[in-house]
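Just below is one structure, and these are the notes that go with it.
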Amino acid sequence: QVQLVESGGGLVQVGGSLRLSCAASGRTSKYGMGWFRQAPGKEREFVAAIRWSGGSPFYVDSVRDRFTISRDNAKNTVYLQMNSLKPEDTAVYYCAADTLRPYFTGTYSKAADFSSWGQGTQVTVSS
């Protein structure tokens, strides 16, 4: 069972940057990893994902060119670099792992693609 712990959230002004980290308790090098977010009163939303092998990541259109997902398999950690933050980016951000499909080479776009979740970290963008 992979345990995921997010960190790096906080309060930032519009236009600022944050880097979220997701540290796993076990090896995650064979799993796709993703980031999601949930704002108050809204459903959990896909933000970004990266395959086990790296390669071209997946992003929701609203964060493309502002956010970058990356992974360090040696550290069992995935990152989300968030730049040019906007008030609408305010949410709890969750890390997820596709632990049921090791070495999956398909696409990622929804919560059902992932089976292990972290507890979340709050990101607040103030204007």
Side-chain angles (χ1 to χ4, degrees):
Q1 183 77 12
V2 171
Q3 305 284 343
L4 304 173
V5 179
E6 303 94 337
S7 61
L11 176 64
V12 63
Q13 291 188 333
V14 169
S17 299
L18 283 174
R19 188 175 83 153
L20 305 183
S21 298
C22 172
S25 61
R27 287 185 61 218
T28 53
S29 58
K30 57 185 177 181
Y31 303 130
M33 303 292 294
W35 286 97
F36 290 75
R37 65 188 180 186
Q38 188 167 18
K42 295 188 176 181
E43 294 187 353
R44 190 167 297 190
E45 175 190 33
F46 170 81
V47 175
I50 187 168
R51 293 191 186 98
W52 69 274
S53 56
S56 297
F58 305 90
Y59 296 99
V60 67
D61 286 345
S62 59
V63 308
R64 197 182 307 278
D65 300 326
R66 299 189 297 122
F67 291 10
T68 303
I69 187 172
S70 61
R71 64 189 301 159
D72 184 337
N73 286 338
K75 296 182 179 180
N76 294 310
T77 300
V78 64
Y79 304 98
L80 185 67
Q81 177 66 44
M82 305 186 296
N83 299 328
S84 302
L85 283 161
K86 304 175 180 180
E88 52 263 42
D89 295 318
T90 295
V92 177
Y93 283 71
Y94 297 90
C95 175
D98 180 16
T99 53
L100 294 182
R101 298 182 299 180
Y103 308 113
F104 182 68
T105 57
T107 60
Y108 290 109
S109 64
K110 56 189 183 296
D113 291 331
F114 299 88
S115 46
S116 296
W117 294 84
Q119 294 300 306
T121 185
Q122 176 71 46
V123 171
T124 303
V125 184
S126 67
S127 55

For residues [X] and [Y], report the shortest heavy-atom separation together with the two atoms involved.
| X | Y | value |
| --- | --- | --- |
| A24 | V2 | CB-CG1, 3.9 Å |
| S17 | S84 | OG-N, 4.4 Å |
| Y94 | R44 | CZ-NH2, 3.5 Å |
| L80 | A48 | CD1-CB, 4.2 Å |

Practice task
Can you establish whether the number of heavy atoms outside E43 located under 6.0 Å from its atom CD is more than 12?
Solution key: no
Problem - Heavy atoms of other groups near Q122 CD, more than 12 under 6.0 Å - result: yes
Practice task
Start with the C-alpha gap between F67 and L85, add the side-chain angles, then the distance that decides, and say whether side-chain contact (heavy atoms from CB on, under 4.5 Å) holds.
Solution key: CA-CA 9 Å; F67 291 10; L85 283 161; 3.8 Å; yes
Practice task
Write out all pairs satisfying disulfide (SG to SG under 2.5 Å) with one or both partners inside residues 16-113, taking only residues at least two apart or from two chains.
Solution key: C22-C95
Problem - Common cluster, V14/M82, ILVMFWY with side-chain heavy-atom separation under 4.5 Å - result: yes
Practice task
May I have the step-by-step check of side-chain contact (heavy atoms from CB on, under 4.5 Å) for R37 and V123, ending in yes or no?
Solution key: CA-CA 9 Å; R37 65 188 180 186; V123 171; over 6 Å; no
I need the [X] [atom1] to [Y] [atom2] distance, nearest 0.5 Å.
| X | Y | atom1 | atom2 | answer |
| --- | --- | --- | --- | --- |
| D89 | L18 | CG | CG | 10.0 Å |
| E88 | S62 | CD | OG | 8.5 Å |
| E45 | Q38 | CD | CD | 10.0 Å |
| W35 | Y79 | CH2 | OH | 10.5 Å |
| I50 | S56 | CD1 | OG | 9.5 Å |

Counting only pairs under 3.5 Å, give me each side-chain donor-acceptor contact of residues 68-78, with atom names and distances, residues two or more places apart or in other chains.
| unit_1 | atom_1 | unit_2 | atom_2 | d |
| --- | --- | --- | --- | --- |
| R71 | NE | N73 | OD1 | 2.8 |
| R71 | NH1 | Y31 | O | 2.8 |
| R71 | NH1 | R51 | O | 2.9 |
| R71 | NH2 | T28 | O | 2.7 |
| R71 | NH2 | Y31 | O | 3.0 |
| R71 | NH2 | N73 | OD1 | 3.2 |
| D72 | OD1 | A74 | N | 3.1 |
| D72 | OD1 | K75 | N | 3.4 |
| N76 | OD1 | T28 | N | 3.1 |
| T77 | OG1 | K75 | O | 2.9 |

Problem - By ring-ring contact (aromatic ring centres under 6.0 Å, His included) - contacts of F36 (at least two apart) - result: F46, F114, W117
Problem - Test side-chain contact (heavy atoms from CB on, under 4.5 Å) applied to R101 - qualifying residues, sequence neighbours left out - result: D98, F104, Y108, D113
Practice task
Would you please name every residue forming a side-chain contact (heavy atoms from CB on, under 4.5 Å) with S115, sequence neighbours left out?
Solution key: T99, L100
Handout entry: Hydrophobic cluster partners of L11 (side-chain heavy atoms under 4.5 Å)
Key = none
Exercise for the section: Dump the intermediate steps for side-chain contact (heavy atoms from CB on, under 4.5 Å) on E6 and L20, then the final yes or no. Expected result: CA-CA 7 Å; E6 303 94 337; L20 305 183; over 6 Å; no
